[in-house]
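Here is the structure we will look at, set down as C-alpha cells.
Counting convention: from 1, in listed order, for ligands and their atoms alike. Computed from a prediction, not measured in an experiment: that's the story for all the values here.
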Amino acid sequence: MNKPATIDFATATAIQIPAAATGTQALHDLVPGEARDSLLAVHDVLCRKLPQDRLAIYEAGGGSCSVLPPELLSRSKVTVVDIDEDQVRNNTYADEAILGDVQTYSFGRETFDLVICYNVIEHLPNVDAALLNFRDALKRGGMILIGAPNPRSLSGVVTKYSPHWFHVWFYRHIRGIKDAGLPGEPPFPTIFHPLVTLPRLEAFAAANGLDMIYRREVESPRYPEMRRRSPLFAALVDAGVAVLNAVLPRGTDVRRGDYHVILRKR
Ligand SMILES: C[S@@+](CC[C@H](N)C(=O)[O-])C[C@H]1O[C@@H](n2cnc3c(N)ncnc32)[C@H](O)[C@@H]1O
C-alpha cells in the first residue's frame, strides 16, 4: 500500500461511482482447487442466508475487485473503504468508494447486511478495532465474510517472516505478475496481528456477539498456480511440504494456507 496505516480523515474522500459494474472478477481469478470450492460454498451460504431484497454491502479494504457473485452485487448498494488512493480510483464495482482506514472509519450503527474483508486483516495492526467497527455497522443477523492467510501454514510462516521485497519477487517471478509491488498493486505489506490466527479469531468473535457459521481452511491457491506456472519450483515446495507434514502432528497440513469464515451478528 502507498500510504501509512494512519490517515488524516479530514482528507477522507468519497467518490460516487455510477453503478456496480457487471463482469466483476467474482471468483477472483482463482484456479480450480480448494480455495475456489470454498468460495463457491461461501457464495451459496450468503445467497441463502442474506435477505432476498436489496442489500447494503460494505467492502472493507475492497481494493479494485470483488469476490462476490454478480447476482448478489447486482442487487446491492456497495460501499468500499480502502486506504490506498490507487485502489479507490481503480474500483469499478462500488456505488461509493471511500478513501479511509477500516480500523477507524465508522458508519452508522446497523447500516449493512454484509461486510466483506477479504485478504485485508493480515495487513492491519488493529484487527480488533476493525472487527468491532464491522460488527457495529452490521444489522442484527448480518454477516461478515473474512478471507485471510493462515499464519499456521507454510505460506503463512514464510509470508510472516520474510521481507516485503521477497513477496514482490515471488509475485513477479513465480506468479508472473509484472506490475507486482507498483503503487496500488499487490502484494501489500503484511503484519499478521495475533487475531489473524483462526482459533483466536473465533474466540474474539464469540466474545463480541458474533457466531462463526462457516469456517474452512483451504490449500493456498498458490500451490495449483505454481504447479501450472513453475513445475520445478512447485515440485521442490511440494517435497518440502510432504516432509513437514510427515514430521508434524498427525492431521496437520501446512498446505492449508488460507481460510474463509463467515461471522453472523447475534
Ligand atoms: C490484498 S488487497 C485485497 C483487496 C481486495 N479485498 C481483494 O480481495 O482483491 C488488500 C487491500 O487492503 C487495503 N488496506 C490495507 N490496510 C488498510 C486499512 N487500514 N484500511 C483500509 N484498507 C486497507 C489495501 O489498500 C488493499 O487494497
Side-chain angles (χ1 to χ4, degrees), residues 1-9 11-15 20-21 23-30 35-36 38-39 42-43 57-69 72-73 78-94 96-107 114-134 137 144-150 155-156 159-160 164 167-168 170-171 175 177 179-193 195-196 218 220-222 257-261:
M1 83 196 79
N2 300 332
K3 298 191 152 290
T6 50
I7 187 167
D8 174 8
F9 281 99
T11 63
T13 34
I15 300 168
T24 310
Q25 286 167 285
L27 284 175
H28 234 220
D29 292 337
L30 282 177
R36 195 172 199 278
S38 175
L39 200 50
V42 162
H43 286 178
I57 297 182
Y58 167 25
E59 285 225 29
S64 44
C65 72
S66 174
V67 292
L68 283 181
L72 223 56
L73 277 178
V78 181
T79 305
V80 163
V81 174
D82 199 289
I83 205 164
D84 187 292
E85 267 177 53
D86 296 290
Q87 290 282 62
V88 169
R89 195 175 312 114
N90 293 338
N91 187 292
T92 53
Y93 67 88
E96 186 178 22
I98 298 169
L99 181 63
D101 184 337
V102 299
Q103 300 160 111
T104 51
Y105 199 91
S106 65
F107 291 94
L114 174 65
V115 178
I116 299 167
C117 192
Y118 202 88
N119 289 341
V120 178
I121 59 172
E122 67 274 23
H123 304 294
L124 305 178
N126 294 313
V127 175
D128 39 355
L131 290 173
L132 295 177
N133 273 337
F134 302 161
I144 307 175
L145 165 61
I146 297 176
N150 175 8
S155 51
T159 308
K160 187 169 173 182
H164 185 65
H167 307 170
V168 175
F170 185 87
Y171 269 56
R175 299 194 64 195
I177 302 172
D179 293 342
L182 296 181
E185 299 293 334
F188 300 91
T190 42
I191 291 174
F192 280 108
H193 183 282
L195 282 180
V196 179
V218 293
S220 164
R222 299 296 85 83
D258 288 317
Y259 62 79
H260 294 145
V261 302

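Nearest approach of A60 to V102, heavy atoms of both residues: CB-CG1, 3.6 Å. For the pair P149 and D258, the tightest heavy-atom approach, listed with the atom from each and the gap, is CA-OD1, 3.3 Å. The two residues G184 and D86 come nearest to each other via the heavy atoms CA-CB, 3.6 Å. Between A148 and V196, the shortest heavy-atom contact is CB-CG1, 4.4 Å.
Considering only residues two or more places apart in sequence or on other chains, T79 meets the side-chain contact (heavy atoms from CB on, under 4.5 Å) condition with K77, E96, I98, F107, F112. Every residue two or more places apart in sequence or in another chain that forms a side-chain contact (heavy atoms from CB on, under 4.5 Å) with D128 is listed here: N126, H193, L195, F204.
Heavy-atom distances between P186 and ligand 1 stay at or above 4.0 Å for every pair. Residue contact check for ligand 1: V67 places no non-hydrogen atom closer than 4.0 Å to it.
The G100 neighbourhood of ligand 1 comprises atoms 20 (N), 21 (C), with distances under 4.0 Å to a heavy atom of that residue. Atoms of ligand 1 found under 4.0 Å from any heavy atom of Q103 (numbered from 1 in listed order, with element): 19 (N). For ligand 1, the atoms sitting less than 4.0 Å from at least one non-hydrogen atom of D101 are 18 (C), 19 (N), 20 (N), numbered in the order shown with element in parentheses. With ligand atoms numbered from 1 in the order given, ligand 1 contributes 25 (O) to contacts under 4.0 Å with heavy atoms of D84.
If you look at F188 next to ligand 1, the close heavy atoms, those under 4.0 Å, all belong to the side chain. Contacts between L124 and ligand 1, counted as non-hydrogen atom pairs separated by less than 4.0 Å, involve the side chain only.
For atom 21 (C) of ligand 1, the nearest non-hydrogen atom from the set I191, I83, N119 belongs to I83.
Residues Y171 and E185 have side chains that never bring a donor and an acceptor to within less than 3.5 angstrom of each other.
Considering both main-chain and side-chain atoms, V120 never comes within under 3.5 Å of ligand 1 through any nitrogen or oxygen pair.
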